[in-house]
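Both backbone and side-chain heavy atoms feed into the values below; hydrogens, waters and symmetry mates do not. The structure presented is a predicted model; accordingly, all values stated were derived computationally and were not measured.
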Amino acid sequence: FGSIMEKDQRICSSNPYIHTKKKLSEYLQNNLQEDEFLHLRLHTLYGGKKLNSEMFLGQLFISIKNGTEFLMSSGRQIREYHHIEDDLKAMELLQVNGHIGIQEISHGEVFTLIEIAEQVLYYFDAPKLLIAGKMEEPSAEIFSPLGIRSKTLKEFQFRPTIKSIANYLLECMAREKEQS
């Protein structure tokens, strides 16, 4: 598994995790024939049982749950968020259709982080929690789309990003209430 961000040299140079993904990709390309591997470049995933409080959606969740300010940078960075269950089905489809080499799982629904924050907070009737421009913007970031949707996934139905993120956060809140 790789990351779509491994296509951006600035990020590979400044982010050790993405750098390792790029090194794996290079190793596969330099040491194996294309028909001997399947390297999947993924976008930002969400879903599952637990949110990471260090990540953007985890921080947004905490803000909504606690009714506290959500501080962020300008939010010009873009992301293509994917629900993990959608990507698992997409991976299966690529594999069943015999895809090899390096493949990207992209749906093309790209948002800036500020758009995601605004729309999700609006969904929770909490737009006043957003305080943009309070945090420093990372120097190496994604400001234009990176992924290419494969022909095999052209008809594949990914979840609509904003609505699905909001529903996922609702599920996380419900899980936390059950556990307390």
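Under the 3.5 Å distance criterion, the side-chain polar atoms of Arg79 are left unmatched by any main-chain donor or acceptor of Val110. Looking at Glu155, its side chain never comes within 3.5 Å of a backbone N or O of Thr152 through a donor-acceptor pair. Gln29 places a side-chain N or O within 3.5 Å of a backbone atom of Ser25 that can act as its donor or acceptor partner. The backbone N or O of Gly75 sits less than 3.5 Å from a side-chain atom of Ser73, completing a donor-acceptor pair. Judged by distance alone, with hydrogens and angles left aside, the side-chain atoms of Arg10 form a donor-acceptor pair with the main-chain N or O of Glu141 at under 3.5 Å. In this structure, Asn66 contributes its side chain and Thr68 its backbone to no donor-acceptor pair below 3.5 Å. For Thr20 (side chain) and Tyr17 (main-chain N/O), a donor-acceptor pair under 3.5 Å exists by modelled atom type. A side-chain donor-acceptor contact under 3.5 Å links Tyr168 to the backbone of Gly48.
The environment of Glu137 atom CD is dense: over 12 non-hydrogen atoms of other residues, nucleotides or ligands sit within 6.0 angstrom. Applying the 6.0 Å contact sphere to NZ of Lys134 captures no more than 12 heavy atoms from other residues, nucleotides or ligands. Counted within 6.0 Å of CG on Asp35, heavy atoms from surrounding residues, nucleotides or ligands total more than 12; the atom is thus considered enclosed. The number of heavy-atom neighbours closer than 6.0 Å to CE of Met55, taken from other residues, nucleotides and ligands shown, is 12 or below. Residue-environment remark: CD (Glu36) exceeds the threshold of 12 foreign heavy atoms within 6.0 Å.
With contacts defined as side-chain heavy-atom distances shorter than 4.5 Å, the pair Glu69/Leu130 does not qualify. Proximity of Glu104 to Ile4: side-chain heavy atoms (C-beta onward) are separated by under 4.5 Å at one or more points. Side-chain contact between Ile62 and Phe70: absent, with no pair of heavy atoms (C-beta onward) separated by less than 4.5 Å. Taking 4.5 Å as the limit, some side-chain heavy atom of Ile162 sits within range of a side-chain heavy atom of Phe111. For the pair Ile18 and Lys22, the minimum side-chain heavy-atom distance is 4.5 Å or more. By the 4.5 Å heavy-atom criterion applied to side chains, Met72 and Gln59 are not counted as neighbours. Taking 4.5 Å as the limit, every side-chain heavy atom of Glu34 sits out of range of all side-chain heavy atoms of Leu28. Using a 4.5 Å heavy-atom threshold, the side chains of Val96 and Glu92 count as touching.
Nearest heavy atom pair, residue Glu115 against residue Thr112, reads OE1-N, 2.8 Å.
Both Leu24 and Leu32 belong to a common hydrophobic cluster when Ile, Leu, Val, Met, Phe, Trp and Tyr are linked at side-chain heavy-atom distances under 4.5 angstrom. Follow the hydrophobic side-chain contacts under 4.5 Å out from Ile105 and you reach Ile84 in the same cluster. By the criterion of side-chain heavy atoms lying less than 4.5 angstrom apart, applied directly or through intervening Ile, Leu, Val, Met, Phe, Trp or Tyr residues, Leu129 is grouped together with Tyr123 in one hydrophobic cluster. A continuous path of hydrophobic side-chain contacts links Leu153 to Leu45 [ILVMFWY only; heavy atoms under 4.5 Å]. Note on Leu40 and Leu88: same hydrophobic cluster, where clusters join Ile, Leu, Val, Met, Phe, Trp and Tyr whose side-chain heavy atoms are under 4.5 Å apart, directly or indirectly.
Ile100 contributes atom CD1, which lies 12.5 Å from atom CD of Gln95 (distance to the nearest 0.5 angstrom). For the atom pair CZ of Phe61 and CZ of Phe124, the computed distance is 8.5 Å after rounding to the nearest 0.5 Å. Note that SG of Cys12 and CE of Met5 are 10.5 Å apart. Values are rounded to the nearest 0.5 Å. To the nearest 0.5 Å, atom CG of residue Leu60 and atom CD1 of residue Ile116 are 9.0 Å apart. One finds the NE2 atom of His19 at 8.5 Å from the CD atom of Gln9 (value rounded to the nearest 0.5 Å). Note that the NZ atom of Lys89 and the CG atom of Leu94 stand 14.5 Å from one another [nearest 0.5 Å].
Residues His82 and Phe158 place their aromatic rings such that the two centres sit under 6.0 Å apart.
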- Message: Apply side chain to side chain contact (heavy atoms under 4.5 Å, CB included) to residues Leu42 and Met91 and explain how you reach the verdict.
- Response: CA-CA 10 Å; Leu42 307 178; Met91 289 175 205; 3.8 Å; yes
- Item | CA sep, side-chain torsions, deciding dist, call: Leu51, Leu169, side chain to side chain contact (heavy atoms under 4.5 Å, CB included) | CA-CA 9 Å; Leu51 274 163; Leu169 296 181; 3.7 Å; yes
- Message: One pair to check against side chain to side chain contact (heavy atoms under 4.5 Å, CB included): Leu93 and Phe156. What are the steps and the verdict?
- Response: CA-CA 9 Å; Leu93 186 60; Phe156 185 83; 4.0 Å; yes
- Task: Could you check Leu57 against Tyr81 for side chain to side chain contact (heavy atoms under 4.5 Å, CB included), going step by step and ending with a plain yes or no?
- Result: CA-CA 10 Å; Leu57 291 184; Tyr81 273 86; 3.5 Å; yes
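Here the options are Arg41, His43, Arg149, the test is side-chain hydrogen bond (donor to acceptor under 3.5 Å, both in side chains), and the partner is Ser106; only His43 passes. The side-chain hydrogen bond (donor to acceptor under 3.5 Å, both in side chains) test with Arg159 singles out one residue from Glu85, Glu109, His107, and that residue is Glu85.
For the pair Arg76 and Phe143, the cation-pi criterion (under 6.0 Å, within 45° of the ring axis) is fulfilled.
At a cut-off of 3.5 Å, with distance as the only test, no side-chain donor of Tyr46 or Asn52 sits close to an acceptor on the other residue. One side chain, Glu6 or His39, offers a donor N or O that lies under 3.5 Å from an acceptor on the other. Defined by atom type and a distance below 3.5 Å, a donor-acceptor pair is missing between the side-chain atoms of Ser150 and His99.
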